[in-house]
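Below is one structure; the comments refer to it alone.
Reminder, nothing fancy here: chain letters follow the sequence lines and each chain counts from 1.
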2 protein chains.
Amino acid sequence: MPKNCNFIEKLREVGLRPTKQRVKMCEVLYNREKTFHFTINDLVKLLSEKMNQKISLATVYNTVHAFEKKGYLKEISINSDKSYFDTNTSLHHHFYDEDTHELIDCDENDIDPVNIKKNITGKKINSVEVLVKVASDNQNQK
Amino acid sequence: MPKNCNFIEKLREVGLRPTKQRVKMCEVLYNREKTFHFTINDLVKLLSEKMNQKISLATVYNTVHAFEKKGYLKEISINSDKSYFDTNTSLHHHFYDEDTHELIDCDENDIDPVNIKKNITGKKINSVEVLVKVASDNQNQK
DNA sequence: CAACAGTTTAGAATTATTATAATGTAGATT
DNA sequence: AATCTACATTATAATAATTCTAAACTGTTG
């Protein structure tokens, strides 16, 4: 499987040991057309489906965080009881559907660059995230 | 105490029964110069300090959510293990200090209006939130 | 292939939050 | 002012997400 070799290389490049679990997670996360959004729970379900042997919940957490630290994944700021991650690590923003709890990517044409005129001494800006919360137009909003 | 009467009236206006606990929470939350940001835990600590009798954790949760539903408080979208609330319910954005986990208000001059060019059919925009994550400039970032 | 450091694992522990069921109380009604 | 009723509060239990732990395992290096 040439794809896997690719992932093994990529993992090595950022200094992560290409273990079975990590390579499998790469397959599940990156062998797809579009980038996608998920919670740990989503990912565990996907992995159990697509894998012969089982993977520990703790491993999924560890690996997701390892990927995040190395820039393979981005955590998305939504105030929810769960954490959301995104395989699209480029600078972009999100719509959050409050009815379905789905995340929708914005590409760079959807939202104009955000112009920040304030700066805090001694601090550098790590990220600028825009979250547009939407809900059904007819029914009553929260 | 004329302040409390004020709060009692305000609570009545939005259809919340002005119980001892709710009035006390109003005092703690709104008898201050600046708007402020807190987690449930922060608030519980503040309340236990400033109150003679104790208040149940469940009551703090219930009351915060009651206040949120009635527009007395706004929840802020940060991906954290805790929920953050803001006594400033007007449209504004935030800086989040990843070192200290502190929230800092932006006023309308700090960030230009965000121009959203995408719209999702059948959905209306409920809110647009910008979160600027900052961290110390010298030490290594996450 | 031996050794070591980093990983995985199951399960326990922790933390935030919500549910439950009994008791208390604000506000209306007598 | 006594009573009633619906809503609030409370302590505690339950749930859910996440992290910790300590033992077993596995890439990688030499």
Which residues within residues 57-64 of chain A lie with some heavy atom under 4.0 Å of an atom in DNA chain C?
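Heavy-atom cutoff 4.0 Å gives A/Ala58, A/Thr59, A/Asn62, A/Thr63.
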Any donor-acceptor pair under 3.5 Å linking the side chain of B/His37 with the backbone of B/Leu103?
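A pair under 3.5 Å: yes.
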Short side-chain to backbone donor-acceptor contact, A/Asn31 and A/Val28, under 3.5 Å:
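No, the answer is negative, given that no donor and acceptor are paired below the 3.5 Å cut-off.
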Less than 4.0 Å between a side-chain N and a carboxylate O, is that true for A/Asp110 and B/Lys118?
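Yes.
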Need two values: the first and the last nucleotide of DNA chain C, 5' to 3', having an atom under 4.0 Å from any heavy-atom of chain B.
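Range of nucleotides within reach of chain B: C/dA16 to C/dG27.
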Please collect all side-chain hydrogen bond (donor to acceptor under 3.5 Å, both in side chains) contacts where either partner lies in residues 53-63 of chain B, sequence neighbours excluded, each pair once.
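Counting only pairs at least two positions apart or across chains, no side-chain hydrogen bond (donor to acceptor under 3.5 Å, both in side chains) contact touches residues 53-63 of chain B.
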Interface residues of residues 14-22 of chain B with DNA chain D (non-hydrogen, below 4.0 angstrom):
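Contacts with DNA chain D under 4.0 Å: B/Arg17, B/Thr19, B/Gln21, B/Arg22.
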Taking atom CG of B/Leu29 and atom CZ of B/Phe85, what is their separation to the nearest 0.5 Å?
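That separation rounds to 10.5 Å.
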Parallel, tilted or perpendicular: which one describes the rings of B/Tyr30 and B/Tyr72, with boundaries at 30° and 60°?
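Aromatic pair B/Tyr30/B/Tyr72 classed perpendicular.
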Touch class at under 4.0 angstrom, heavy-atom based, for B/Thr39 against every strand present:
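No contact.
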Could I get the full list of side-chain contact (heavy atoms from CB on, under 4.5 Å) partners for B/Asp97, not counting sequence neighbours?
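Per chain and number, B/Asp97 pairs via side-chain contact (heavy atoms from CB on, under 4.5 Å) with A/Lys123, B/Asp99, B/Thr100, B/Glu102, B/Val134.
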Using rotation axes that map the C1' atoms of four end pairs onto the next four (five pairs an end), what angle separates the end axes of the helix from C/dC1-D/dG30 to C/dT30-D/dA1, to 10°?
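Comparing the axis at each end, I get an angle of 30°.
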Rounded to whole angstrom units, what separation is found between the NE2 atom of B/His65 and the C1' atom of D/dC7?
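It works out to 18 Å between those atoms.
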